[in-house]
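When a ligand or atom number is given, it counts from 1 through the structure's own listing order.
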Amino acid sequence: MIIVLSKHIDTHDKELIRIYLRDRGYAVRDQVFGEDEVIGAAGKGVVDLRELGLLPGVERVAATSKPYELVSRETKAEDTIVTVGSQGNVKIGGSRITVIAGPCAVESREQIRETAERVRESGAVLLRGGAYKPRTSPYAFQGLGMKGLEYMREAGEACGMPIVTEVVSPELAVDMRDLTDMFQIGARNMQNFELLKKVGSLGKAVLLKRGPSATVEEWLLSAEYLLAAGTNDVVLCERGIRTFETYTRNTLDISAIPVVKSLSHLPVIVDPSHAVGIRAKVSSAALAAIAAGADGLTVEVHPRPDEALSDGPQSLYPEQFEKLMRDIEALAPVVGKELLRTPRPGFSAVRGGGGRPGSAGGDAEPAGKPVVYNGESGAFAEQALMRIFGEEAPRTQAQSFKGIFDAVLEGSACAGIVPVENSLAGSIHENYELFLRYPDIAIVGEVKLRVVHCLIGDERADMDSIAIVRSHPQGFAQCRDFLDKHPSWTLEACNDTATAVSSIAREGAVKVAAIAGAAAAKIHGLKVLKEGIETNPLNYTRFLVISRKFSAHGPGGEESAWMPPSLGSERPDKASLVFSVPDKPGSLFACLEIMAGNGLNLSKLESRPIEGKPWEYQFYVDVSIPERGDFFAVMEDLKTHTENFRFLGAYRGSL
Ligand code: PEP
Ligand code: MN
């Protein structure tokens, strides 16, 4: 049972509520959930809920239908996002996929360091490794103990990765607290309740493995112990359960992922290594887990698995892990997520200095300014924004695409998110026009979002009651086939898809439906009448992150900033340009020849009429930035072969 306290409750009333509950046989614990302060009451006590609800300072009483409460979705509807490490940049949960990798056990200083470097290169953000190994046989390698943990800490620090390691006793938990970033409770210890209580009280993030014979309910009750002891940062890990099947080491319970995600707000990750136990089968199980909705993975990787002191047969070679990470990156957008490849800097990192070696870089924008997007909460642009900057990023809303450019230019926002292209409906020309009209704005990042459209209406509405449908024109264009089946519906265009939804919520209209994402329906408390109405499920929108150009100068010190402030620390690998060519034979060919000759891969070439110049065209061009060669010298060359050449920005392309 959860007692949500009123915002203004004083300590006296709070204590009276605790006493009231204890007197009636409950164990109580204070907890903060988002904005709410709550008291969790667990046990088999007897209480009159109405009387309890009338005590001073009680906002409401939520009786949960499950034996666990603090971990239940009934208590907290939104996903918990767990932060690991002191930098705060490694998060688990929400719309990201977080991958933990490393050896089964720390074997030597060199082994853990080498593994950390390899998995880090492939994109893992957390380093795993056992210093204390609970082994089935007392004669098997038991781990290097504290020394091993020190080696791992060193490797983690050198590679910028927080670490997670197994703790096997309450006494060791205290000794390990300052050395590890996250505790792992192993499968064999899932029901070691004294260990759970101690670890839960230490205020560190915890990875709780599912016991080989534990039911989902027992697993969640173990997590309840951790939360009841004081931590909020718990990640659940499915690692295979014991069944009659002996071919694999355990049986990966894929169905546990959606089950637990619906029962609990805690993130769920999967350990395919211990689940399957056979190296060649680990990656398939890992991808299946991501497809089933897992928030991440923990994978055993060893530089030389044949020499591993424990779990060699299930440890991936670094090359296999690299391939798995690439596959996850490609799969992520299909399930509406993005792989957290490197610790992503927050919004305040939209700043100068990421430029060409030797360039002037730029002044950092003051941190803490919001990112601006067009539309209301629940719009696809907001999802794109959260994907790049995190769920907590401060954000503001513009009423038009132009409003985004204005806010970024004036500096009231540090960055903006603009859609430029949809895989079904094509380019959003208005934004390309804006790039041309705002020469001081540059592209600094890219994100591609899978767009699943829903028909959304009032609780009382059904498909037959609908007469009017509202959405952004892009929403209509992407759902053309579906709308063609309902020719009697009148279409009304809105500024963005979420505004279409909120207008229905405000009016309480039964005849009106909106085309938008499921997130907008949830935010406004409306019903999804039909999900997945886009003409083709391979429906992606490409958003660009824009920022103001700073004082960086081009190769010859000229006015244009070739390399605007970049987002994140990775080398830009993509650039966008707009140009037109002289009206003579072979002029476009000459440009293409320059790009081809210098190894620039052209990913987009679109011709568009130039405003006010009938039958003259400009080209929208996206190219790769090769690792070798002087890309900016190529741009210089291109400039001399074109007219009205505009370099829109260099950034890290997303898959
Ligand atoms: C491990 O992760 O190294 C481990 C021992 O896992 P489990 O507790 O799931 O067997
Ligand atoms: Mn292992």
> Can you list the ligand 1 atoms lying under 4.0 Å from a non-hydrogen atom of Gly186?
8 (O)
> Give the residue and atom name of whichever protein heavy atom lies nearest to atom 6 (O) of ligand 1, and the separation in Å to one decimal.
Lys209 NZ, 2.9 Å
> Any Lys/Arg nitrogen of Lys209 or Asp271 sitting under 4.0 Å from an Asp/Glu carboxylate oxygen of the other?
yes
> Tell me which one of Arg239, His274, Gln314 gets a heavy atom nearest to atom 10 (O) of ligand 1.
Arg239
> Is it true that Asn250 and Glu245 share a donor-acceptor pair across their side chains at a distance under 3.5 Å?
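Per modelled atom types, Glu245 and Asn250 side chains form no pair under 3.5 Å.
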> When only distance counts, is Glu166 in polar contact with ligand 1, meaning an N/O pair under 3.5 Å?
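No, since none of the N or O atoms of Glu166 sits under 3.5 Å from an N or O of ligand 1.
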> Only pairs at least two apart or in different chains count here, so list each ring-ring contact (aromatic ring centres under 6.0 Å, His included) that has a residue in residues 200-257.
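Pairs touching residues 200-257 that pass the test: Phe193-Tyr225.
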> If you count the atoms of ligand 1 from 1 in the order shown, which ones are under 4.0 Å from a heavy atom of Lys133?
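Answer, ordered by atom number: 1 (C), 3 (O), 5 (C).
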> Please determine if Cys104 has a nitrogen or oxygen closer than 3.5 Å to a nitrogen or oxygen of ligand 1.
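The answer is no, given that Cys104 and ligand 1 share no N or O pair closer than 3.5 Å.
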> Just wondering, more than 12 heavy atoms not from Arg326 lying within 6.0 Å of its CZ?
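Atom CZ in Arg326 is not crowded, with 12 or fewer foreign heavy atoms closer than 6.0 Å.
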> Check this for me: does any side-chain nitrogen of one of Glu114 and Arg304 sit under 4.0 Å from a carboxylate oxygen of the other?
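So Glu114 pairs with Arg304 through a salt bridge.
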> Is ligand 1 less than 4.0 angstrom away from at least one heavy atom of Gln184?
yes
> Regarding Lys76 and Thr80, do their side chains bring together a donor and an acceptor under 3.5 Å, going by distance alone?
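On atom types as modelled, these side chains qualify, holding a pair under 3.5 Å.
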> With a sphere of 6.0 Å drawn around CZ of Arg24, does it hold more than 12 non-hydrogen atoms of other residues, nucleotides or ligands?
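Yes, the 6.0 Å shell around CZ holds more than 12 heavy atoms from other groups.
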> Keeping to distances under 2.8 Å, can you name the protein N/O/S atoms close to the Mn ion (ligand 2)?
Cys104 SG, His274 NE2, Glu300 OE2, Asp311 OD2
> Less than 4.5 Å apart, side chain to side chain, heavy atoms only: is that true for Val90 and Thr83?
no
> Between His302 and Asp311, does any side-chain donor sit less than 3.5 Å from a side-chain acceptor?
no
> Quick one: which ligand 1 atoms are inside 4.0 Å of a heavy atom on Ala187?
7 (P), 8 (O), 9 (O)
> Distance under 4.0 Å to a non-hydrogen atom of Arg188: what atoms of ligand 1 satisfy this?
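Those of ligand 1 that fall under 4.0 Å from Arg188 are 7 (P), 8 (O), 10 (O).
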> Does the side chain of Leu127 reach to within under 4.5 Å of the side chain of Ile112, using non-hydrogen atoms?
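Counting from C-beta outward, Leu127 and Ile112 do come under 4.5 Å.
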> Does Glu117 come within less than 4.0 Å of Arg120, counting only side-chain N to carboxylate O?
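No, no charged N to carboxylate O under 4.0 Å.
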> Show me which atoms of ligand 1 lie under 4.0 Å from any heavy atom of Glu300.
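Result: 3 (O).
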